[in-house]
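Below you'll find the structure, written out as structure tokens, and then a few comments.
Every value quoted in this text rests on a predicted model; they were computed, and no experiment measured them. By convention in this document, chain letters (A, B, ...) are assigned in the order of the sequence lines, proteins followed by strands, and residues within each chain are numbered from 1.
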Amino acid sequence: MQLARVIGTVVATVKNDSLEGRKLLIIQSLDAGLLPQGTPLVALDAVGAGVGELVFWCRGKEASFPFRREDTPTDCTIVGIVDSERHVTTPGSRRRR
Amino acid sequence: MIIARVIGNVVATQKNERYENARVMLCQPVDLAGRETGATLIALDTVDAGVGDLVMIVQEGWGASTAATGEPGAAIDSAIVGVVDDIDLLPEEQRTR
């Protein structure tokens with residue numbers, strides 16, 4: 001899994017049927033200092049995440065498991081909402097380089 | 001598996017139910033000389049690893065879910081499956097580190 005910030009939403013009326021009714025969010029993965037790492041991704045939301053929230057997400061086939069497994073085509077699903085930035089505890093030196 | 005250093009943990013009250021009482025650890029992959037390499041990631045601890053430990057992480061969902069929760073099929077893609085005490089390399093390999 002990786003830490004990420006939800007930075008936007010996606011509206012896609014024409015999409016795979018099993019994505020119907022699912023929230024599509026844009027996420028930016030973060031490193032331990034909460035600085036961006038990697039490229040933004042489209043993630044399915046499985047825990048009620050909102051734009052601006054700090055989350056973590058699951059990669060690969062496992063990302064479909066919170067939904068109707070076999071036919072939900074996702075490789076990126078938000079599976080946790082971090083309580084607050086303070087709840088990402090790392091030794092002092094790493095904070096916001 | 002990859003080798004990484006545990007650099008912190010993450011508290012998320014609102015999360016996928018399979019993450020119930022899992023220890024969500026923030027890890028930084030390192031090379032064999034201990035230098036940081038690659039993206040910061042989150043893995044569930046299954047061996048009571050602590051912050052600062054050098055660990056082995058499995059990054060395949062079936063194995064990670066089973067190691068972390070006792071059975072597969074969870075939205076989990078990484079788990080800490082060992083604490084590294086020592087790495088012993090061939091002499092010619094050591095010089096390249």
Best-contacting candidate, A:V55, A:V47, A:I81, against chain B by heavy atom pairs under 4.5 angstrom: A:I81

Most chain B-contacting option - heavy-atom pairs closer than 4.5 Å, from A:G60, A:C58, A:A63: A:C58

With the 4.5 Å side-chain cut-off for hydrophobic clustering, are [X] and [Y] part of the same group?
{"X": "B:I2", "Y": "B:V83", "answer": "yes"}
{"X": "B:V58", "Y": "B:V84", "answer": "yes"}
{"X": "B:M56", "Y": "B:V6", "answer": "no"}
{"X": "A:V51", "Y": "A:L41", "answer": "yes"}
{"X": "A:L24", "Y": "A:I26", "answer": "yes"}

B:Q59, part contacting chain A, at a heavy-atom distance under 4.5 Å: both

Chain A contact via B:A39 - side chain, backbone, both or neither, heavy atoms under 4.5 Å: both

Best-contacting candidate, B:L41, B:N9, B:D77, against chain A by heavy atom pairs under 4.5 angstrom: B:D77

Chain A interface, residue from B:G8, B:A43, B:A75, B:S65 that has the most non-hydrogen pairs under 4.5 Å: B:A75

Main-chain N/O of B:T40 paired with A:Q37 side-chain donor or acceptor, under 3.5 Å: yes

Side chain, backbone, both or neither of A:Q2 within contact of chain B (heavy atoms, under 4.5 Å): both

Stepwise side-chain contact (heavy atoms from CB on, under 4.5 Å) check, A:T90 with B:L26: CA-CA 8 Å; A:T90 58; B:L26 198 61; 3.5 Å; yes

Residue that, paired with A:M1, satisfies side chain to side chain contact (heavy atoms under 4.5 Å, CB included) out of B:V24, B:L44, B:V10: B:L44

NZ on B:K15 to CG on A:D83, rounded to 0.5 Å: 8.0 Å

Shortest non-hydrogen contact between B:A12 and A:F56, atoms and distance: CB-CE2, 3.6 Å

Closest approach of A:R59 to B:S78 (non-hydrogen atoms, all atoms of both residues): NH2-OG, 4.4 Å

A:L3 side chain near B:I42 side chain, heavy-atom distance below 4.5 Å: yes

